[in-house]
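Read the structure below first, then the notes.
Atoms within a ligand are numbered from 1 in the order they appear, just like the ligands themselves.
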Amino acid sequence: MFEDLIEFIRNLYNTNQVIPLHEPVFNQFDKQLVNEAIDSTFVSSIGKFVDRFENEIVNFTGTKHALATVNGTSALQVALRLAGVKHGDEVLTQSLTFVATANSIIHNSASPVFLDVDLDTMGMSPTALISFLDTYGIKKETGTFNKSTGKRIAAVLPMHTLGHPCRIDKIIEIADSWNLPVVEDAAEALGSCYKKKHCGTFGLLGVFSFNGNKIITSGGGGAIVTDDNHLAQKAKHLTTTAKVDHPWEFIHDEVGYNYRLPNLNAALACAQLTHLQQYLSRKRLLAEKYKYFFSSSTLGSFINEPQNSQSNFWLNGIITDSKDIRDRILKETNEQGIKTRPLWRLITELEIYKSFHKDDLNNSKQLQDRIINLPSSVNFK
Ligand SMILES: *Cc1c(COP(=O)(O)O)cnc(C)c1O
């Protein structure tokens, strides 16, 4: 049983070495642009690659504005602040996510509320969102409040899990009806579309990550996208120490952040963007191969792209029948140097997040216990 899977993955990557879950792939052009950035001496947060990278994100995703940041986590932090999240507020998010999603809420001195996900998309469940707001929400003149805690509910923060789009149109519809802004954590979803619109461009603001494990990388990097001119301007201002434009004076009109993406990283990002279409087709081809393998395997079912969506298949995964099988596959493959991984531990199970409000999270628990992510780098044979 396990032998077939191990042999299949070894053949895919055609190596006897360790096979990582996801490794970045570079070529000569990546090196060339990084060298160009060094030769220009513009290696920090001002330079032509930063502007070019932002323009290309605009063109690729169909958003109006893109602002490059040092990583996805800082992009989320600033996006939430721009959406109006303040000290003492609550932000509705999902428990099944990478810890950065929740951290960005705490970084704004607000409290996360952890809702369940849908089984098919693994992203925030619109049903869970309606149910939470119908139970706890109350509209007042100064905003939407949580009846039980008395706190203001400031925003909704769904995540597109593993690059598979969540039901973002429904989430926006519900959030709109409660006057809540939506910030999309699309860190994993560059190249993913829902109903032909790019993930991250539905909400008031969206965020991408270009960390080394994402579909393309700038070493470290992130981006905030928005259609709102004013918010885009504020995003740039806040991430560049809130410095007022002046030929020589140092005037800062807010306590800002040093979160702009360095030109050096932007050079790599620009080069990587030229590979993106090819990587997306490679990812889709890899997904087809896994899908075919699991169509006749009893180990688990392949996680396909949800309805109405086009996924970037950032990480391929299967869902097993039980936690027991999941654990055995993890053990057997890792012992053989194949770095399969479970999903993240639910955020609500981390000691640091135990005290925050959570749903019953039935779907999140099921998925957390039974999903395995499989090697998904694009350099398969
Ligand atoms: C990677 C990731 C982030 C954070 O991105 P960094 O660039 O690593 O800071 C945020 N949310 C999710 C869901 C991610 O997968």
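Classified by interplanar angle (parallel below 30°, tilted 30° to 60°, perpendicular above 60°), the ring pair F302/Y290 is parallel. Using bins of under 30°, 30° to 60° and over 60° for the plane-to-plane angle, the ring pair F250/H252 lands in the parallel bin.
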Is there any protein N/O under 3.5 Å from an N/O of ligand 1, and what does the full list of such pairs look like?
from: ligand 1; atom 1: 5 (O); to: S209; atom 2: OG; distance (Å): 3.2
from: ligand 1; atom 1: 7 (O); to: G72; atom 2: N; distance (Å): 2.7
from: ligand 1; atom 1: 7 (O); to: S209; atom 2: OG; distance (Å): 2.7
from: ligand 1; atom 1: 9 (O); to: G72; atom 2: N; distance (Å): 3.3
from: ligand 1; atom 1: 9 (O); to: T73; atom 2: N; distance (Å): 2.9
from: ligand 1; atom 1: 9 (O); to: T73; atom 2: OG1; distance (Å): 2.5
from: ligand 1; atom 1: 11 (N); to: D185; atom 2: OD1; distance (Å): 3.3
from: ligand 1; atom 1: 11 (N); to: D185; atom 2: OD2; distance (Å): 2.8
from: ligand 1; atom 1: 15 (O); to: E188; atom 2: OE2; distance (Å): 2.5
from: ligand 1; atom 1: 15 (O); to: K214; atom 2: NZ; distance (Å): 3.2

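Under the 3.5 Å distance criterion, with hydrogens and angles disregarded, a donor-acceptor pair is assigned to the side chains of T348 and S95. Judged by distance alone, the side chains of N179 and T144 never bring a donor and an acceptor atom under 3.5 Å apart.
The two residues A66 and V225 come nearest to each other via the heavy atoms CB-CG1, 4.0 Å. The minimum heavy-atom distance linking D89 with R152 is given by the pair OD2-NH2, 2.7 Å.
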